[in-house]
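Sequence lines set the chain letters: A, B, ... in the order given, protein chains first and strands last, and positions in each chain run from 1.
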Amino acid sequence: MSDIDFSKIEKKWQKAWHDKKVFEVKEDKKKPKQYVLEMFPYPSGSGLHMGHAHNYNIGDIYARFKRMQGFNVIHPMGFDSFGLPAENAAIKAKSHPKKFTEEAIANFIEQMKELGLSYDWSRKVETHKPDYYRWDQWVFLKMYEKGLVYRKKSPVNWCPECNTVLANEQVISGKCWRHEDTSVEIKHLEQWFLKITDYADELYEDLNKLDDWPELIKRLQRNWIGKSEGAEIDFIINKEKWKVFTTRPDTLFGVTFLVISAQHPRLMELVDSKQKVKVQEFVKKLHSVKEEDLDRMEKEGVFTGNYAQHPLTGEKIPLYAGNFVLADYGSGMVMGVPAHDERDYAFAKKYQISITSVVKPENNEKINAPYTGPGVLIHSEGFDGLQTAEAKEHIIKALEIKKLGRKVINFRLRDWLISRQRFWGTPIPIIYCEKCGAVPVPEKDLPVILPDKIQFSGVSNPLLTYKPFLETTCPRCKGKARRETDTMDTFVNSSWYFLRYCDPHNEKKIFDKDKAAYWCPIDMYVGGKEHACLHLIYFRFYTKFFRDLGLITFGEPAKRLFNQGFLLGPDGERMSKSRGNVVLPEVISKKYGIDVARLFLVSIASPDKDILWSDEGIDGSFRFLKRVFTYASTLKEGKSSKKIESKLHTTIKKVTDEIESFRYNLAVIRLRSLFESFEHESIAKSDFNAFIRILSPFIPHLSEELWQMSGNKGFASLSAWPAVDEKKIDEKFEQAEKAVEKTISDILNILRIVDEKKGKSNKIYVYVMPFELENYNAEELSKRVGKPVMVFSVSDKKKHDPEGKSSKAKPGKPGIYVD
RNA sequence: GCAGAGGUAGCAAAGCGGUCAAAUGCGAGGGACUCAAGAUCCCUUCCUUCAGUAGGUUCGGAGGUUCGAAUCCUCCCCUCUGCACCA
């Protein structure tokens, strides 16, 4: 059996699955559905490595498990096939990105099939195909209708390496998300935005409903959306009301200065003529500072020469321009309360501004300024003695009466900038007419197709100079017009793909409502945590929008989310082609078979942890599977002992649990342990079949083979998950098993001593309590200790017991005599 | 700086108040089989002890709670991952 060719077996079953369309599914109202999805990949030219395999394997095990449990499982796969790498490759080769993309996809599919992933390939979506991206454009138009799309000239993040702008979410510590060494520059451009902020509150609050999402992701999203409750307070400057946002309206009486952002568009209106030069110098200085250094800069400001009027006291408050105030958060102006805010304190110290304490800690403890905690109000006119929390309410109320302030909620989340100055993306369906301005392309004219016959020569978007695309007529006035050449961020494509899987070939609609209603929402979504504030926010936003359009009835796309860990290469680094530490599935497959690799990947550690690939480790999984095959091919039908039955059903129960909770590593250990019990005795065929079935999600191909070897018809993949028979589970067998193990180690221990003292021993006699007799199998014991073992009941009259060791026997602890 | 996650035997990794000297895999050592190697199978793998089921010292470090702690609490050290002036 050692020459068994797993790889060959796998090919056979891959073909059978494909030929019989085993994983294709249709809506079936009579069956409960289960939507299992792994984040679809960008089809890179370098193909799949073991790291990808690990990811898809985790989802596949779950999908297979659910399928066997009787669910109608939709488990689709597709490709997020727009994106820069293909375009860059095209520029380099003066070719078309479509060519690279489609070759890469073909390669990916091939590789995925070799992994034996149970996808319904009839549902494949590819985002670069017009029949997909036309619906991106359609959604854009719908958002446009609903006022969720706008165009604005604004400072945007520009990656010089990508030659395009980036969304806020794509800037990571001042660097591009794709180029960790490239600093993002700020440019001022006219760009299209999606008003995700309209959904900010819901995106924030609904996180509380996502009980089965990892806390980590929810925390990151909360952080990113950044909801803060506070007040908007009007300060009068030059007889005009200027809004200031604060989360601490309770400290209003401690305000001793105001700061307006140096980037504020209306800054100069507020600067006194005497200070103009100074302020201009200050602003100029800031412009020369790189974005990335801005973070680390000291808080600086310059007096504008102007004063604001305090809304409640009427006091004159100096106004500064500051480098640390964000122009696009709140109102771009803040109030300075140096006694109760670290930054304000430092600022006040630096510019010798007075400090007025208005909150004292409850227990009168001595504190170092500034005091930022809660307490009781002082020096706050009629509000003295109030707790900070109630003071907030009262002061806001007072402001509301005077119409000088109101309760307000602010978000850190910004609108989603979707314009990209690149070719390989969904064209934004907008036409610029000299008379009518920006006009959306009428729905009937969709899709706006990306041209195939276009030359890739330079670094910039070739659409800019490609007349057949560029030149068009205005849908409104029929006059001369030109098309928008910017394309959409690729995250647009991935924001709703899970819905398209439900009805991937629909030419009339984005998807059929009933089909989507049957399959959605996603029951189990598997993917990396790096998307916490990107894809995972965007697709929640799209889902809410679709709900508001009436296309679906749910507001959250995925009920459960699982973040898998990364597979690290043998060198302990993230597996990637550029690092040169990739392990290729096809290489491993050839040597061991892919099921061996799949089993190994989930044996190493809990799937949510980063795991380390090791070339030796996989041998363990290989040995195990070889043993299983040897066993299966020599299996003689028998009757299972009560002990085996108990263990089998315990295992089924636990493995079911462990798959459900993604503790695959523990499930594998249990399966191995069950098999070891099998090895020592004869078992019923039906019990072996149950074992094959619970093994099946982990080693799908080999299970099919075992299933067939065992004389079964059909596919193990489609067989029913074994039911647990609680009546057969009896813990006493587990204890018995432990007692046997202990006995073996005792025997060996005694043997060692005896061999040392008296020379070679021959036979071992074990005396057990009469009711324990069935637990002690002489044959197995002999094999385990490597010497003949005889088992007697203590009550057996004919037992060989020259030293009366049987009298030492206790339940669970047999007497032992060595001859 | 703030917020999270984590530090377990040679390595990886379970365990998260008693049944824990701590599952499992790898590695290492010994044995069986073989002319031999490989494969396979069995055993051992913190220390000591021994015709057995015993004792000792362990789960980043130091304290504490408890009849009892790898598991709970406090402080400290280290590693990783997010957010970095959002008022």
Side-chain angles (χ1 to χ4, degrees), chain A residues 1-3 172-174 214-217 219-220 222-228 230 244-248 251 258-259 261 294-299 322-326 328-337 340-344 346-347 410-414 529-530 532-533 600 603-606 608-621 623-624 626-627 630 663 665-666 668-673 679 734-735 738-739 742-758 761 764 782-787 803 805 808 810 812-818:
Chain A
M1 273 316 277
S2 58
D3 58 343
I172 294 146
S173 311
E215 285 306 318
L216 171 76
I217 300 292
R219 211 186 60 233
L220 291 174
R222 278 195 190 102
N223 223 309
W224 186 262
I225 299 168
K227 181 175 181 173
S228 31
V244 164
F245 176 72
T246 180
T247 54
R248 294 291 306 272
T251 63
L258 293 187
V259 189
S261 169
L294 233 117
D295 291 346
R296 279 171 236 116
M297 256 173 62
E298 207 185 326
K299 286 166 213 21
N323 64 355
F324 62 96
V325 178
L326 301 170
D328 59 348
Y329 179 76
S331 55
M333 203 188 280
V334 300
M335 61 187 216
V337 186
H340 306 294
D341 183 278
E342 305 271 357
R343 292 157 304 180
D344 296 349
F347 194 82
N410 243 314
F411 294 93
R412 187 184 172 278
L413 184 75
R414 306 297 147 87
K529 44 187 164 281
E530 69 276 18
C533 296
F600 173 57
S603 305
I604 305 171
S606 172
D608 58 338
K609 296 249 168 98
D610 288 354
I611 55 171
L612 197 72
W613 179 269
S614 94
D615 291 323
E616 296 88 47
I618 193 172
D619 280 327
S621 301
R623 281 197 280 266
F624 170 65
K626 277 195 291 191
R627 260 164 74 179
T630 310
R663 289 175 305 187
N665 52 329
L666 302 183
V668 172
I669 290 167
R670 259 178 223 294
L671 289 165
R672 293 177 82 126
S673 167
E679 274 183 308
E734 251 169 81
Q735 279 152 19
K738 276 184 194 152
K742 186 70 192 144
T743 305
I744 290 169
S745 90
D746 285 345
I747 293 172
L748 287 160
N749 198 6
I750 297 166
L751 274 179
R752 210 191 63 240
I753 296 157
V754 172
D755 284 356
E756 253 169 48
K757 290 195 172 162
K758 304 185 190 162
S761 46
I764 297 104
S782 305
K783 192 181 166 200
R784 295 282 295 276
V785 304
K787 289 233 163 74
E803 289 188 16
K805 296 284 184 194
K808 288 185 100 179
K810 292 181 211 156
K813 287 172 188 171
I816 299 163
Y817 172 68
V818 168

Give the nucleotide from the list [options] with an atom nearest to the side chain of [X].
X	options	value
Glu616(A)	A14(B), G27(B), A87(B)	G27(B)
Arg623(A)	G27(B), C86(B), A14(B)	G27(B)
Arg219(A)	G4(B), C86(B), A87(B)	G4(B)
Thr247(A)	A87(B), G27(B), G25(B)	A87(B)

Does a side-chain N or O of [X] approach OP1 or OP2 of [N] to a distance below 4.0 Å, or not?
X	N	answer
Ser614(A)	C11(B)	no
Lys626(A)	U40(B)	yes
Arg672(A)	A23(B)	no
Arg412(A)	A84(B)	yes

Separation of the [atom1] atoms in [N] and [M], to the nearest angstrom:
N	M	atom1	result
U65(B)	U71(B)	C1'	14 Å
A9(B)	G82(B)	C1'	32 Å
A23(B)	A12(B)	C1'	14 Å
C16(B)	C86(B)	P	40 Å

- Query: Is a donor on one side and an acceptor on the other found under 3.5 Å between the side chain of Ser673(A) and the backbone of Ile669(A)?
  - Reply: no
- Item | Results of side-chain contact (heavy atoms from CB on, under 4.5 Å) for Ser331(A) - residues two or more places apart only |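 Result, side-chain contact (heavy atoms from CB on, under 4.5 Å) vs Ser331(A): Lys243(A), Met333(A).
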- Message: Test of understanding: with ring-ring contact (aromatic ring centres under 6.0 Å, His included), list the residues that count as partners of Phe347(A), not counting sequence neighbours.
- Response: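 In terms of ring-ring contact (aromatic ring centres under 6.0 Å, His included), with neighbours along the sequence ignored, Phe347(A) is linked to Phe257(A), Tyr320(A), Phe324(A), Tyr351(A).
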